[in-house]
Structure formats: C-alpha cells, structure tokens
Number of protein chains: 2
Amino acid sequence: MFLSREAEYAIQALLRLTLHKDEHYVSIKTLAKELNISEYYLSKILQKLVKKNILKSHKGPKGGIAFFDSPEKISMLDIVVAIDGKEIFEGCVLGLYRCESDDPCSLHERWLKLRDQIQQMFSDESLAQLGENPELIRRSQKFINIKQKASKSKNKIS
Amino acid sequence: MFLSREAEYAIQALLRLTLHKDEHYVSIKTLAKELNISEYYLSKILQKLVKKNILKSHKGPKGGIAFFDSPEKISMLDIVVAIDGKEIFEGCVLGLYRCESDDPCSLHERWLKLRDQIQQMFSDESLAQLGENPELIRRSQKFINIKQKASKSKNKIS
DNA sequence: TATAAATTTTATAAATTTATCTGATACTCT
DNA sequence: AGAGTATCAGATAAATTTATAAAATTTATA
C-alpha cells in the first residue's frame with residue numbers, strides 16, 4: 001500500500017463530494033455513511049484538508065464541507081501530500097543511511113526516477129478527471145467492508 | 001516508505017552478511033550489534049528468510065546463519081517478497097474497490113506500469129551487486145539510531 | 001433567544017507494526 | 001555426560017496507525 005489508509009479515504013471522500021455538485025455544503029455525516037466509515041474518523045481526516053485549503057467548512061445547520069477550489073484545480077498530489085506529507089517521496093528505498101549523498105546505493109538512480117514518475121502521475125491527475133467515472137466511485141464504498149472483515153479474520157486465523 | 005521496516009532490516013542484515021564472506025556461519029548477535037538493533041528482533045526477521053530458503057541456520061557453538069545460495073543468486077525481490085509478501089505489488093493505488101476489473105480508475109494503467117518497473121528494479125538487482133559498495137553498508141548502521149531518535153522526539157514534541 | 005445541526009477538539013479504544021524477553025531445543029566441545 | 005552457545009518459538013511490551021466516542025463550539029432558523 002503506497003498511500004496510507006487516511007490518504008485513501010480522503011481521496012474517496014473527495015471523489016464522493018464531486019458527485020454532490022449542486023449542493024452548497026455537504027455534511028461529513030452524509031459522506032461517512034456513503035463511504036461506510038466512522039463519521040468522526042472522516043471528520044478528522046477532512047479537517048486536514050480544510051487546514052490545507054483544499055476544502056472549506058461551515059458549522060451549524062446547512063453546514064458541512066465544500067471544495068475550496070474547483071476539482072479541476074485539485075491534483076491527486078495535493079491530496080496525498082496534505083495527508084501523508086511529502087516524506088513518502090523522499091529517502092533511500094532500502095532505508096540505507098546517507099544513501100542520498102555522493103555515494104548512493106546501486107538502486108538509487110533508478111528508484112529516484114520511478115518515484116518522480118509516481119509523483120508526476122499524481123500531479124498530472126486532477127480530482128475532476130478521476131471523478132469522470134461515477135460508477136467506480138459508487139462501487140468503492142463496499143471496499144471498506146471487505147478490508148475490515150479481512151483484517152478481522154486475519155487476526156483470528158493467524 | 002515503500003518497504004516495511006522489517007524488509008529494510010532484512011536487506012541491511014543480508015548486506016552485512018556479505019561482508020563476512022569467509023566465515024561459515026555468522027551469529028545473529030554479531031549482525032545485530034553491527035546494525036545496532038535488537039538481537040531478538042533480528043532473529044525473528046531472519047527466521048522468515050530461513051523458512052524461505054534464502055538463509056540456512058545452525059544451532060549451537062559455531063552456529064549462526066549463512067546464505068543458502070550465493071548472494072549472486074539472491075535478488076532484492078526475493079528478500080522483499082519473503083518479508084512483505086507480494087501484496088505490496090497488488091491492488092489499486094487509491095484503494096478503490098474493484099478497480100482492477102474491466103472498469104478501472106484513470107490512474108490504473110499508469111500505476112500498473114510503474115509498479116511493474118519497481119518490481120523489475122528489485123528483481124534485476126542481486127544482493128551481490130548491492131554489496132559491491134561495502135562503505136555504504138558500513139555507514140548504514142547509524143541510520144537506525146537516527147530513526148529511533150527521530151520517532152522518539154516526534155512523540156515528545158507533537 | 002432557544003434549539004437543533006453541524007464542525008472542531010480532545011479523549012479513548014482497537015488493531016497493527018515494531019521491538020524485546022523468556023524458555024525450550026539443538027549443537028559443539030571438552 | 002555436562003557446560004556453554006546459539007537458534008527457535010511463543011509470549012509480552014511499546015509505539016504507531018486506524019477508528020470511535022464524547023464534549024465543546026459555532027451557526028441557522030423558528
């Protein structure tokens with residue numbers, strides 16, 4: 001799993017949000033139900049996006065969250081970095097000390113190129129582009145159930 | 001961090017082991033001291049490699065671990081998969097449900113290619129090739145100290 | 001202005017990963 | 001055979017990530 005679960009949920013929530021185009025603010029509760037995860041957990045995650053000005057929020061009745069900018073202007077990289085930080089694109093792939101220096105490991109150059117390409121992939125893709133497949137977004141809700149069940153049974157068996 | 005800490009330690013330990021070329025068996029205790037990590041923890045990790053026939057072990061005095069095959073025949077991928085499993089090269093990068101099906105997300109193809117290239121990178125590189133830079137291997141010992149300090153202070157400050 | 005709806009903040013719990021410890025077993029050597 | 005050395009296996013502990021709950025704050029509107 002290249003991204004943290006939080007980053008995955010953030011992306012899934014924002015994708016859901018693109019399906020609510022007309023509404024001014026959408027409550028986190030609603031999104032949480034649609035994604036089938038805890039309202040509180042989602043709040044926590046989305047707050048990070050509010051602080052990074054990817055979302056704006058409004059309290060009280062008729063409140064909720066909304067995009068700060070339009071989804072066309074939000075790249076996947078924006079979201080990923082807001083949640084997981086830019087550190088996931090840093091460091092030696094083997095965890096070797098001082099590998100970034102003038103005497104790197106033999107995988108270094110190759111890894112750097114691949115990592116940059118991953119980063120480029122995320123920055124090339126806007127939320128709006130990903131949102132062009134609403135069917136996929138709707139399907140993605142069930143995944144959480146499966147994940148939770150999988151980790152539970154894994155615990156029991158092994 | 002693309003690889004788990006265990007996988008990183010496994011690689012570092014095997015790299016260390018290549019520096020002990022002449023000896024028949026090297027004790028895990030010795031390796032653990034060189035890497036500056038817990039002897040017991042390293043045991044646990046290396047046991048996985050024993051079970052996967054990457055290492056062989058021998059109990060008692062003059063015992064320890066040794067390569068089952070020569071480092072030339074061991075790829076980085078062998079080690080990574082032995083510890084982290086092949087799952088790290090599977091699934092949708094965004095965690096979307098059924099993304100692998102006939103209706104994938106718009107990042108899917110691009111991610112698949114990159115992921116395959118990462119896998120290829122690991123399988124192209126043998127332990128022996130990485131071991132050709134003994135200075136780097138020796139330096140890598142200190143990294144663990146830094147990591148441990150970093151996570152401790154992180155805890156205290158934030 | 002009171003009430004209900006919503007986010008925000010803080011606390012708590014569960015699960016997983018990371019790390020250490022202990023006892024058992026196997027082996028070498030004298 | 002006995003003493004010492006080393007892995008092996010399973011239990012335990014600490015740290016981090018993942019998830020939930022409860023209390024505090026803000027806001028719309030009746």
Side-chain angles (χ1 to χ4, degrees), chain A residues 1 3-10 12-13 23-33 35-51 55-66 83-85 87-88 95 144-145 147-158, chain B residues 1 3-10 13 23-33 35-51 55-66 83-85 87-88 95 144-145 147-156 158:
Chain A
M1 201 159 59
L3 303 178
S4 74
R5 198 88 140 243
E6 286 198 3
E8 288 184 0
Y9 286 162
Q12 289 170 23
E23 303 153 54
H24 277 299
Y25 283 99
V26 178
S27 85
I28 295 174
K29 195 179 215 166
T30 303
L31 283 177
K33 266 180 196 156
L35 290 170
N36 201 23
I37 65 173
S38 152
E39 173 193 349
Y40 312 101
Y41 189 33
L42 190 57
S43 293
K44 217 178 194 177
I45 296 168
L46 296 185
Q47 269 168 49
K48 292 182 189 176
L49 300 180
V50 171
K51 275 174 187 156
L55 292 174
K56 58 186 174 183
S57 66
H58 197 71
K59 288 183 179 179
K62 305 274 174 184
I65 53 156
I83 303 292
D84 285 343
E87 308 89 64
I88 63 169
I144 291 126
N145 286 327
K147 266 190 188 166
Q148 288 173 342
K149 273 187 190 169
S151 56
K152 269 185 189 173
S153 58
K154 185 187 169 189
N155 204 7
K156 281 174 191 168
I157 294 166
S158 72
Chain B
M1 199 159 60
L3 302 178
S4 73
R5 197 95 130 224
E6 286 197 3
E8 288 184 0
Y9 285 163
E23 303 153 54
H24 277 299
Y25 284 99
V26 177
S27 85
I28 295 176
K29 197 178 212 165
T30 303
L31 284 176
K33 266 181 197 156
L35 290 170
N36 201 23
I37 66 173
S38 153
E39 172 192 349
Y40 313 102
Y41 189 32
L42 190 56
S43 294
K44 213 178 200 176
I45 296 168
L46 296 185
Q47 268 170 48
K48 291 182 189 175
L49 299 181
V50 171
K51 275 175 187 154
L55 292 175
K56 57 185 176 184
S57 67
H58 198 72
K59 288 184 179 178
K62 304 274 173 188
I65 53 155
I83 302 292
D84 285 344
E87 307 87 65
I88 63 168
I144 291 123
N145 286 327
K147 266 191 190 167
Q148 288 173 342
K149 274 187 190 167
S151 55
K152 270 186 188 173
S153 59
K154 185 188 170 189
N155 204 6
K156 282 174 191 169
S158 72

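Just so we're clear, the structure is a prediction, and the values are computed from it rather than from any experiment. The sequence lines fix the lettering, A, B, ..., with proteins before strands; numbering per chain opens at 1.
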(request) Quick one: sort the B:Tyr41 and B:Tyr9 rings into parallel, tilted or perpendicular, breaks at 30° and 60°. (result) perpendicular
(message) As a test of reading the structure: which of C:dT18, C:dC29, D:dC8 is closest to the side chain of B:Lys62, going by heavy atoms?
(response) C:dC29
(request) Check every atom of D:dT27, D:dT7, C:dC27 against the side chain of A:His58 and return the nucleotide holding the closest atom. (result) D:dT27
(message) Of the options C:dT9, D:dT7, C:dA6, whose atoms approach the side-chain atoms of A:Lys59 most closely?
(response) C:dA6
(request) Starting from C1' on D:dC8, measure out to CG on B:Leu55 and report it in whole angstrom. (result) 14 Å
(request) Look at B:Ser38 and C:dA19 and indicate whether a side-chain polar atom (N or O) is within less than 4.0 Å of OP1 or OP2. (result) no
(request) Measure the distance from CD on A:Glu23 to P on C:dA6 and round it to the nearest whole Å. (result) 12 Å
(request) Indicate yes or no for a side-chain donor-acceptor contact from B:Glu23 to the backbone of B:Ala66 under 3.5 Å, with no hydrogens or angles considered. (result) no
(request) Specify the residue among A:Ser57 and A:Pro61 whose closest nucleotide of DNA chain C lies further upstream toward the 5′ end. (result) A:Pro61
(request) Calculate the interatomic distance between B:Ile28 atom CD1 and D:dC8 atom P; express it in whole Å. (result) 6 Å
(request) State whether A:Ser4 places a side-chain N or O below 4.0 Å from either non-bridging phosphate oxygen (OP1 or OP2) of D:dT17. (result) no
(request) Look only at the side chain of B:Asp84 and the backbone of B:Leu3, and say whether a donor-acceptor pair between them is shorter than 3.5 Å. (result) no
(request) To the nearest Å, give me how far apart CG (B:Leu49) and C1' (D:dT7) are. (result) 14 Å
(request) Please give the nucleotide sitting opposite C:dT20 as a Watson-Crick or G-U wobble pair, both distances under 3.5 Å, or none. (result) D:dA11
(request) For the pair B:Ser43 (side chain) and B:Glu39 (backbone), establish whether a donor and an acceptor sit closer than 3.5 Å, ignoring hydrogens and angles. (result) yes
(request) Look at B:Tyr40 and D:dG10 and indicate whether a side-chain polar atom (N or O) is within less than 4.0 Å of OP1 or OP2. (result) no
(message) Show the nearest heavy-atom pair for residues B:Ile83 and B:Ala7, with the distance to one decimal.
(response) CG2-N, 3.6 Å
(message) Taking any heavy-atom pair under 4.0 Å as a contact, classify A:Ser43: base, sugar-phosphate, or nothing.
(response) base
(message) Salt bridge check, B:Glu6 against B:Lys44: does any charged N sit closer than 4.0 Å to a carboxylate O?
(response) no
(message) Just N and O in the side chain of A:Arg5: are any of them under 4.0 Å from OP1 or OP2 of C:dT16?
(response) no
(message) Just the rounded figure in Å: distance from C1' of D:dA15 to OH of B:Tyr41.
(response) 11 Å
(message) Rounding to an integer number of Å, can you tell me how far A:Leu42 CG sits from D:dT17 P?
(response) 19 Å
(request) Assign B:Gly60 to base, sugar-phosphate, or nothing according to its heavy-atom contacts below 4.0 angstrom with the strands shown. (result) base
(request) Figure out the NZ/C1' separation between B:Lys48 and D:dC8, and round it to whole Å. (result) 14 Å
(request) Once you apply the 3.5 Å cut-off to both distances, tell me the Watson-Crick or G-U wobble partner of C:dA15, or none. (result) D:dT16
(message) I want to check one thing: is the phosphate of D:dT7, taken as OP1 and OP2, less than 4.0 Å away from some side-chain N or O of B:Gln47?
(response) no
(request) Figure out the NE2/P separation between B:His24 and C:dC27, and round it to whole Å. (result) 17 Å
